[in-house]
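Keep in mind that what you see is a predicted model, and the values were worked out from it rather than measured. All values below were derived from every heavy atom in this structure, side-chain atoms included, with hydrogens, water molecules and symmetry-related copies excluded.
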Amino acid sequence: MSELDPTIFKTIVPSRYITFIIPNPLLHLDHFHSQELRISILDSPLPSKPTQIAAMLVPINRESDWIFSTEQGHLQLLLTFSHLSRLIIIGNSPNSPHPTSYNHSPVLSNCIADSSVVEEKLFPLLIELTPTLAFRRTDGGLPEIPEIPFLSYEDGVIRSLVLERCVGQCVGEMLVEDVELELENGDREFRRRLRFKRMPNLVQTQIRIRPKKVDFVDMEGVEFEVVDDGILVNPYLTPMVAGLSVIASYLDAQIGKGIKPKALCLGVGGGALLGFLSSQLGFLVLGVEIDHVVLEVARRYFGLVHGDLVHVCVGDVIEMIEKFATSVENDGLHGCCDLDGSDCLDQFHGKFDVIMVDLDSSNASMGTSAPPLQFLQKSVLLAAKTLLSKDGVVIINVIPSDQSSYKQVITEFQEVFAGLYEIDVGNGENFVLIASTSEIGHVYCHYQSKFLNKLKQVSGSYVDSIRMI
């Protein structure tokens with residue numbers, strides 16, 4: 001690599017990403033155990049005013065994790081702190097580009113408990129990487145040295161084991177991993193997760209698993225079995241299910257007539273939502289996934305089964321819903337092949353009662369991590385509305401990069417749908433929007449139907465947190 005000109009760091013260039021390796025000047029500190037350090041610098045797509053800089057240390061032994069080794073991972077970290085103009089990430093140079101396992105080291109973590117030592121040693125480097133605008137002027141006209149806080153990253157992962165890495169034609173590289181997590185209440189839990197490299201900080205799918213052998217030192221060689229307890233562990237899926245309460249009375253009436261409610265799930269991932277709607281709430285479900293490799297992974301590792309109640313097909317979501325909408329307006333749904341080659345839409349006479357949208361944008365710099373901006377086009381939203389029954393709803397997971405992006409998503413839906421409701425997931429990232437085809441009124445006006453009671457059992461307090469926008 002050619003020598004870097006240090007003056008390039010004196011200005012903020014939106015979305016600029018630079019990463020380089022330097023000899024490790026801190027080798028005597030236990031946290032920095034490699035001979036070289038990797039420095040990554042990312043400028044925000046929308047630089048803040050005043051100019052604010054922060055640094056982050058890569059957790060020990062996670063240097064090769066996509067979260068800390070890719071531009072997309074760094075971008076998602078940066079967007080978590082929307083006030084920042086630049087994020088500087090410092091870590092050991094990774095020993096292996098594709099490690100298969102990770103074990104949290106509390107001993108090494110405790111070695112940097114006194115963060116002042118680390119900050120003092122790294123401060124001269126950080127100052128060299130700080131843009132000129134961050135040096136504010138004092139009353140005397142002299143530049144004032146800025147504060148550069150160290151941010152922490154915690155996702156509760158105690159240990160992990162990669163089961164498989166594979167590449168999908170559309171979604172790119174992905175991995176399946178078993179992890180042991182420490183939950184907020186201090187309990188520990190094992191989960192199987194699916195992650196995409198294009199959005200590495202988002203867990204696409206996760207389900208509970210348990211080891212068949214209790215006493216073990218590391219996760220390699222340990223057999224796990226899926227825990228089928230009817231609980232959704234992705235933080236936004238339970239609120240998405242709770243959104244069905246907006247049309248609970250309608251669904252209750254349909255079920256009372258012996259009619260199974262129908263759901264269209266855009267984005268399948270590991271299939272947790274599809275299985276839940278089918279097994280727990282009795283829905284007839286059609287899932288659309290753009291990449292057939294994702295569906296193969298879902299079947300092998302996450303228990304996705306397509307059969308009488310769950311059907312899945314491969315196709316571009318945007319193209320498929322516009323195609324479905326055209327066929328509905330003409331002579332009913334047709335033309336979508338299930339994985340076994342049969343026309344799975346034969347069973348979906350009429351329209352859907354709910355469309356569940358769980359799609360990532362593949363590029364968080366565009367304003368939202370979910371959904372993709374293409375889905376928010378008016379023609380697409382109108383097509384989705386066409387596919388719904390007169391009392392149907394679209395329920396969508398939204399991960400905005402900032403408040404203005406979220407307001408824009410709301411505006412796009414309000415221009416097409418009669419009613420709009422919101423659930424704040426409460427994790428600082430996800431919001432669930434429920435768009436209805438007709439004016440329904442406030443959710444609390446619904447009587448206590450059997451369906452609503454069941455929904456409260458499986459989705460808890462989220463039903464009561466829905467608000468009309």
Check your understanding: Should the pair R195-D65 be classified as a salt bridge under the 4.0 Å nitrogen-to-oxygen rule?
Key -> yes
Practice item. Answer yes or no: is there an ion pair linking R193 with E177, defined by an N-O contact shorter than 4.0 Å? Key: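 Looking at R193 and E177, the cut-off is met.
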What heavy-atom pair brings [X] and [Y] nearest, and what distance separates the two atoms?
| X | Y | answer |
| --- | --- | --- |
| Y421 | V246 | CE1-CG1, 3.7 Å |
| V294 | L194 | CG1-CD2, 4.4 Å |
| I8 | R16 | O-NH2, 2.8 Å |
| A263 | L277 | CB-CD1, 4.1 Å |

Check your understanding: With sequence neighbours left out, which residue pairs that include part of residues 147-167 fulfil the salt bridge (Lys or Arg N to Asp or Glu O under 4.0 Å) condition?
Key -> R62-D155, R159-E180, E164-R300, R165-E173
Practice item. Return each pair, listed once, that meets salt bridge (Lys or Arg N to Asp or Glu O under 4.0 Å) where at least one residue sits in residues 70-88; pairs must be two or more places apart or across chains. Key: D43-R86
Just list the side-chain donor-acceptor pairs under 3.5 Å for residues 407-419, sequence neighbours left out, or say none.
unit_1	atom_1	unit_2	atom_2	d
Q408	NE2	E412	OE2	2.6
T411	OG1	K407	O	3.0

For [X], enumerate each residue passing the side-chain hydrogen bond (donor to acceptor under 3.5 Å, both in side chains) test, keeping only those at least two apart in sequence or located in another chain.
| X | answer |
| --- | --- |
| D402 | S404, S405 |
| E422 | Y406, R467 |
| D291 | none |
| R210 | E225 |

Got a list of side-chain donor-acceptor pairs under 3.5 Å for residues 230-243, not counting sequence neighbours?
unit_1	atom_1	unit_2	atom_2	d
N234	OD1	Q206	N	3.3
N234	OD1	Q206	NE2	3.1
N234	ND2	V203	O	3.2
N234	ND2	Y236	OH	3.4
Y236	OH	D358	OD1	3.0
Y236	OH	D358	OD2	2.9

Check: [X] side chain, [Y] main-chain N or O, donor-acceptor pair, under 3.5 Å:
| X | Y | answer |
| --- | --- | --- |
| R192 | Y301 | yes |
| R191 | V179 | no |
| S245 | A248 | no |

Check your understanding: In a check of side chain to side chain contact (heavy atoms under 4.5 Å, CB included) between L264 and each of V285, I321, V354, L388, which one passes?
Key ->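 The single option meeting the side chain to side chain contact (heavy atoms under 4.5 Å, CB included) with L264 is I321.
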Set of side-chain contact (heavy atoms from CB on, under 4.5 Å) partners for [X], sequence neighbours left out:
| X | result |
| --- | --- |
| S461 | none |
| S379 | E322, Q377 |
| S40 | Y17, T19, R38, H74, I89 |
| T130 | I53, A134, F135, P146, I148 |

Review point. Can you tell me if CD1 on I145 sees more than 12 non-hydrogen neighbours from other groups inside 6.0 Å?
Key: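 Not buried by this count: 12 neighbours or fewer within 6.0 Å.
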Exercise for review: Using the six-membered ring wherever Trp is involved, compare the ring planes of F68 and Y153 and label them parallel, tilted or perpendicular (cut-offs 30° and 60°).
Suggested key: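 F68 and Y153: perpendicular rings.
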Review point. In terms of side-chain heavy atoms, does N397 have a donor or acceptor partner in N430 at a distance below 3.5 Å?
Key: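 Yes, because at least one side-chain N or O of N397 sits under 3.5 Å from a partner of the opposite role on N430.
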Review point. Between the side chains of E63 and N92, is a donor N or O closer than 3.5 angstrom to an acceptor N or O?
Key: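 Yes, side-chain donor-acceptor contact under 3.5 Å.
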Check your understanding: Going by heavy atoms in the side chains, are I318 and P372 under 4.5 Å from each other?
Key -> no
